[in-house]
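Residue numbers start from 1 in every chain, and the chains themselves are labelled A, B, ... in the order their sequence lines are given, proteins ahead of strands.
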There are 2 protein chains.
Amino acid sequence: MDKNSDTLKLENQLCFPLYACSKEIVRRYKPYLDKIDLTYTQYITMMVMWEVKQINVKELGEKLYLDSGTLTPLLKKLESKDYVKRERSKHDERNLIVTITEKGEALKSKAVDIPEKVSACMTLSEEKAQALYSVLYEILDSME
Amino acid sequence: MDKNSDTLKLENQLCFPLYACSKEIVRRYKPYLDKIDLTYTQYITMMVMWEVKQINVKELGEKLYLDSGTLTPLLKKLESKDYVKRERSKHDERNLIVTITEKGEALKSKAVDIPEKVSACMTLSEEKAQALYSVLYEILDSME
DNA sequence: TATTATTAAATTGTACACAATTTAATTTTA
DNA sequence: TAAAATTAAATTGTGTACAATTTAATAATA
């Protein structure tokens, strides 16, 4: 096969639809997230916080696939909104412990309807959604 | 079902693995793209240019799911590297026509091996890759 | 235990990404 | 055809992303 012919066409790439699809779906979140004054990245951070209540930056970054360069300013912003508290660990001052606040907990009830509203704006069968989900995690796991 | 229980868990979201997977794969491109001094966004832009040779910013944005706010500075950078030429349309001066240069054409041969190198670092069967590809475009199409 | 190595966040710098606004050109319409 | 509407890029402003470096704390080791 002629290497130059087709491999570099956008339509033959797997990464591109992944990249485009991710961005388009995140964009669908925006109108709903605007109402509760969160960006998408702040939203997924709060999803972790709603679940674990307390976590340090390193572990948070591993869950979200983000580093401190992204998380540090983001967490400062969430702190300024009083959704989380940031404090150094007493046992190991290198660690910064992030803890959800009452106000952060209360925000959850305003966010609970967002996932279904977003998925409503795209038609995808339950089987295909499940298949997509599995393949994505398979890829993520294979890249660790 | 209790609405508050599970819907807001990261692991139950479809958007999150999509977002994370997209970023991780783009990151895998970086070492190869660094060698030809392109960012990922510049690379997918050049992929379109290698294919169409000439296009205006609006159509380019539709193909790439990007707007002029992203494309204007990016195209200026590609122009400064002499990979593309930017000039207003004579028929309609609102349109900016982007044209690939000789140097831009020549860059293609250096990029042709990148897709296979990136896909080599993740294990995914041909069937699953094909299925993933189909579902992603199905979602993209359903969101137009 | 003093030195070295490692680790976790923060910082710095570059490059998107996109909503909203502005500017300029072209079309539409009153 | 003059005014209004539309269109395409560019600009502005905010918020990621992430590599690379720095800083400070802790752990390992000579």
Check: A/Thr70 near the nucleic acid: base, sugar-phosphate alone, or nothing, with a heavy-atom cut-off under 4.0 Å?
Finding: base

Note to self: Expressed as a whole number of angstroms, how long is the span from B/Asp92:CG to D/dA8:C1'?
What the structure shows: 8 Å

Check: Over how many whole Å does the gap from A/Glu87 atom CD to C/dA10 atom P extend?
Finding: 13 Å

Item checked: Check: B/Leu132 and A/Ile139 side chains under 4.5 Å, non-hydrogen atoms -> yes

Check: Phosphate oxygens OP1/OP2 of C/dC16: is one of them under 4.0 Å from a side-chain N or O of B/Lys76?
Finding: no

Check: Reckon A/Lys77 has a side-chain N or O less than 4.0 Å from the OP1 or OP2 of D/dG15?
Finding: yes

Next item on the list: May I ask you to say what B/Leu74 touches in the nucleic acid, namely base, sugar-phosphate or nothing, with a heavy-atom cut-off under 4.0 Å?
Entry: sugar-phosphate

Checklist line | Nearest to side-chain heavy atoms of A/Asn56, which nucleotide of C/dA9, D/dT16, D/dT11 | finding: C/dA9

Next item on the list: Could you tell me whether B/Thr39 contacts a base, only the sugar-phosphate backbone, or nothing, with contacts defined as non-hydrogen atoms closer than 4.0 Å?
Entry: sugar-phosphate

Checklist line | Distance, rounded to the nearest Å, where A/Arg88 contributes CZ and D/dT26 contributes P | finding: 10 Å

Next item on the list: Record whether the side chain of B/Ser68 comes under 3.5 Å of the base of D/dA10 through a donor-acceptor pair of N or O atoms.
Entry: yes

Notebook entry, point to check: Any idea which heavy atoms bring A/Glu116 and A/Asp113 closest together, and the distance?
Noted result: CG-O, 3.2 Å

Notebook entry, point to check: Of B/Gly69 and A/Lys90, whose nearest nucleotide on DNA chain D comes first from the 5' end?
Noted result: B/Gly69

Notebook entry, point to check: Counting any heavy atom closer than 4.0 Å, what does A/Asn95 reach on the DNA or RNA strands: base, sugar-phosphate only, or nothing?
Noted result: sugar-phosphate

Margin query: Which nucleotide wins on minimum distance to the side chain of B/Arg94, given the candidates C/dA8, C/dC18, D/dA8?
Written below: D/dA8

Notebook entry, point to check: How are the rings of A/Tyr65 and B/Phe16 set relative to one another: parallel (under 30°), tilted (30 to 60°) or perpendicular (over 60°)?
Noted result: tilted

Margin query: What is the separation between atom CG on A/Leu96 and atom C1' on D/dA24, rounded to the nearest whole Å?
Written below: 13 Å

Note to self: Please find the pair of heavy atoms, one from B/Pro115 and one from A/Gln13, that lie closest to each other, and give the distance.
What the structure shows: CG-NE2, 3.6 Å

Notebook entry, point to check: If every non-hydrogen atom of A/Thr101 is compared with every non-hydrogen atom of A/Lys85, which pair is closest and at what distance?
Noted result: CG2-N, 4.0 Å

Margin query: With nearest nucleotide decided by heavy atoms, which residue, A/Arg86 or A/Lys23, maps closer to the 5′ end of DNA chain C?
Written below: A/Arg86

Margin query: Rounded to whole Å, please give me the gap between CG in A/Leu75 and C1' in C/dA8.
Written below: 13 Å

Next item on the list: Please determine if a side-chain N or O atom of B/Tyr19 lies less than 4.0 Å away from the OP1 or OP2 oxygen of D/dA17.
Entry: yes

Check: For B/Glu62 and D/dA9, what is the distance between atoms CD and P respectively, to the nearest whole Å?
Finding: 10 Å

Check: Can you find a side chain N or O atom of B/Thr41 that sits less than 4.0 Å from OP1 or OP2 on C/dA15?
Finding: no

Note to self: Using 30° and 60° as the class boundaries, would you call the ring planes of B/Tyr40 and A/Tyr19 parallel, tilted or perpendicular?
What the structure shows: perpendicular

Check: Which nucleotide sits closest to the side chain of B/Val57: C/dT7, D/dT16, D/dA9?
Finding: D/dA9

Notebook entry, point to check: What is the distance, rounded to the nearest whole Å, between atom CG of A/Asp67 and atom P of C/dG13?
Noted result: 17 Å

Notebook entry, point to check: Can you check the B/Ile44 CD1 to C/dA15 P distance for me, whole Å?
Noted result: 16 Å

